Every structure is written in C-alpha cells, then in structure tokens.
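Worksheet for the structure shown next.
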Protein chains: 2
Amino acid sequence: MPVSAAPIRIILTEDDPALRVHLGDAIASEADMLLAGSAANLADGAALVARGGYDVLLCDLGLPDGSGIDLIRQSAQRWPEADVLVVTMFADQDKVLASIMAGARGYVLKGDAMAEALAAIRAVHAGGSPISPTIARQLLRRIQPAPAQPSPLSDRELELLRLLARGFSYAECAGLLGLSAHTVASHVKNIYRKLEVNSRAEALYEANVLGLIQP
Amino acid sequence: MPVSAAPIRIILTEDDPALRVHLGDAIASEADMLLAGSAANLADGAALVARGGYDVLLCDLGLPDGSGIDLIRQSAQRWPEADVLVVTMFADQDKVLASIMAGARGYVLKGDAMAEALAAIRAVHAGGSPISPTIARQLLRRIQPAPAQPSPLSDRELELLRLLARGFSYAECAGLLGLSAHTVASHVKNIYRKLEVNSRAEALYEANVLGLIQP
DNA sequence: TGCACCATCCCATGATCATGGCATGACAAG
DNA sequence: CTTGTCATGCCATGATCATGGGATGGTGCA
C-alpha cells in the first residue's frame, strides 16, 4: 500500500475575518490539504512568506496595510516553485491580470462555492493554471507578436542594426558584412535619419519601441 | 424585434476528408455559424486567408504541402481581428503552444464531441481563449518575470544604465542625476568592468540578457 | 584594523562615433 | 524622363566615449 502524498500546505492572507475563517476551515477539513498559516494583513502575510514551508499561497489584494500584489511578488521571488492564487471578486479582471503579471498562477473567486476554491488549489498544485478564457485571452495579447508594422528600415539596414545592437564597432560590422567601414557609416546615417535619432543607444531604444529588432 | 446577429463566418483547413466534412457539416447546421470556406491543403487555405471575409479560422497543423503554423501566422498578420483555433490531437501540447505563439487563440481537439468544437468556436468569437489550465500554465511561464538574479550592479549603477539605454550622453545623465559628468564616467567604468564589456551597446545587450533592465 | 564596495570627483588622451557633403549604378513608379 | 530608394563608397572633422590613473569619505564585514 503506497504512502499517501504529502498534503498541500497552504497559507492564507485575507483581511475579511469571515472569509478567512471559512476558507481556513474548508482547507483544514480536506484530507489532502493542510492550513500552514493564516494572516489578516500584509505584514503578517509577509512574515509567513518569509518563513516559507508552504506550497500554495492564497492572497487577497486589498489588505489594510498595503497591496497583496506586493506579497505575491515577494512569494514569486523568494519561493518560485510555490503556487499563488489570488482571492478576488469577479469584477476585478484587471487586478487578476496584475496579480498574474506579479507571479500568481490563478485565482479563487470570492462568492464562489468552497468546492470551486478547493478545486482551484488542487489544479494549481497539480501544475495547471485555473484561469477563465477571458483572462487567457488577455494573457495571449501579451505574448503574441503584434501585427508587423511596415519597417521604415531596409533589410540591409535592419541587418546592420542587429549588429550594432550587439555592440560591434563600424569596422567590425564592415568585416562581418563584407563592406567598407565607410559604407557602414553611410548606412548608419540613413538609419538614424529614418528613426530620427542621433546615437546608437537612441536608435536601439527606438527600434525596440517600434518592434524592429528583438530586444 | 432586434435583427439576429451576423453568423460567425468560419473557414476550415483540414486534410483529413472525413473530419473536414464532419466539421463542415456541424458548422453549417448551426444557426449562428456559416461555413465560409473549406480547404484540404496549405495552398488552398492560404488562398482562403488571402481572400478574407471570415471571423474564425479552424486550422489543422499537419497539411500535405506544409505546416498549418504558417497559415496561422499569415492569418494573424493579415487579419489580426480574426480568431484562429488549431485543430489538433490531445497529445500535441507543444504544437498547441507553438500555434498560440504564432497567433492562434485556442484549439479544437480531434476526437472531441462536435459540441465541444462548436463551443470553442463560440467562446473564441466571444472574445475568450478556450485553453486548458495546463496550456495556461505554459503561457504564464512565458510572461511572468523570472526570479531576479542578484544584480552585479548597484542601484545607482542600474539607475544610470537606464539613462544610458535611453541614449542620454554622459553630460545629460549628469544633469539628470545631479552629478558631475566625471562621476558618470566613473560609474560607467564600473558598470562595464562588472559586465565585462567595452561599450554602451555591449553593456545594454548584456544587461538585457541578464534581465537587469527592461528591454 | 584592513579590505572591498559604494558614491562622488578629477585628469589626460586615444579611439570611435556621428554627420555634412559628395559620388556611382540599379531599380521602380509616375 | 524625373525622382526617390537602395546599396555601395569616400572625405573631413568636431563631439563623445572609454579608460588608465588618481583621490576622498562612508559603510559593512572578518
């Protein structure tokens, strides 16, 4: 008979006492879960995070002494293997997104049945990210390449710009492209004119803003 | 009595004849959907895409004359407002991810009930991205910041590096930071020594690789 | 106490950059 | 034919950068 898996150790930061107790009780009554800590504010939550020893952090955002997003960030930095679920309201899509950008891997909706919350905990611990298609769509917007703008630069100019971005001197670029250094300088003049800049760093910054080269 | 909404115009690229007909029939029999075109290979699919006039592209990946990923890319570039769903097998998680990176907004699983496919079409058309928590997790890995490496640079050095990245001269940086230009040059020497580089562009490149500054 | 790092500042100087000006030939579009 | 772009190439020159060398005072650690 194999030994049972270790319970999911959960810490909870939630300032609403009723919800904190309700969630805490629900977790404590699950055989595969363990309530490893509970906090009512950011400072106490931060102490729990600093101490470690948890698999999942449930984190409310509106805390009396600060934003739960900071706590999410701390957890993600300090314990990147630990999962974080935001405890939030349905209307708070922007906040969910901000939390995800800070390191959360899903959310638990206030007002949902406890069974939903427990399922989200199990899902995130199992390596998933329980998010809605709407949130997923917002995420896709952040990772899918934008439709290409027509580039103001010619292919040759882009080729040279990539070398400049690596830090090669004109002479080195010339060698790499099989040109004269004078030609490189001529291309640079054209590139800077088109991008309306006056230095390499400015050009690289602008090219990055315009999506012309990979950052 | 309000007029009914326009049907979802769907084009389909799928080389398996049985599945193409099956999907096509399912779509055509839905009151809110319209099969706007059907192709059995990449070239015909590309012609459908080029013609436009569709809201959702259903796209198989393994086509006899090339990869459906190219078609997805074309659709995303040419018609960024159109939605794309990959037609794929459950085991093809890597391909789903690659498709999503190319511009798809969800997937339809071969072998699933038609009702699932139709639901996915409606979901994506309604602005969602119907993806599993596992796929979502993989996506999060791409957008969430990696745990910060300890930076070799001091805060002051980082502050200066950000200004250098914008293209400010030493004199300008000095003015902005309330320092002497000599001090700026001294900081630059330290920055370049720590990053083991010899020019601003090299420093910026390296800083970007190390995640020290935002690209 | 000694050492390293941080932050600040300075000098001197060679190397590189940036840019105005010039040129040629090829190609495409009106 | 004219014009503009692209790709290539050159000259001259002032501005800026990069860097070796030097300095001070403050802080933290062994």
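Hydrogens, waters and symmetry mates play no part in the numbers below; they use all other heavy atoms, side chains included. These figures come from a predicted structure and were not determined experimentally. Quick note on labels: first sequence line is chain A, next is B, and so on, each numbered from 1.
- Nearest heavy-atom pair across Leu164(B) and Leu204(B) is O-CD1, 4.3 Å.
- Asp16(B) is linked by a side chain to side chain contact (heavy atoms under 4.5 Å, CB included) to Glu14(B), Ala18(B), Leu19(B), counting only residues two or more places apart in sequence or in another chain.
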task = Let me have a per-nucleotide readout for nucleotides 5-22 of chain C, 5' to 3', with B, S or -, counting only protein heavy atoms under 4.0 Å.
result = -SSBBBB-----SSBBB-

message = Please evaluate residues Lys95(B) and Val86(B) with respect to the criterion side-chain contact (heavy atoms from CB on, under 4.5 Å), reporting the C-alpha separation (whole Å), side-chain torsions for both, the decisive distance (0.1 Å), and the verdict.
response = CA-CA 9 Å; Lys95(B) 287 184 187 168; Val86(B) 197; over 6 Å; no

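- With Ser129(A) contributing its side chain and Arg105(A) its backbone, the two residues share a donor-acceptor pair below 3.5 Å.
- Axis deviation across the helix from dT1(C)-dA30(D) to dG30(C)-dC1(D) amounts to 50°, comparing end segments of five pairs, rounded to 10 degrees.
- No donor-acceptor pair under 3.5 Å is formed between the side chain of Ser75(A) and the backbone N or O of Leu71(A).
- With a 4.5 Å cut-off on side-chain heavy atoms, Lys110(A) and Asp60(A) count as touching.
- Between the side chain of Tyr192(B) and the backbone N or O of Glu202(B) there is no donor-acceptor pair closer than 3.5 Å.
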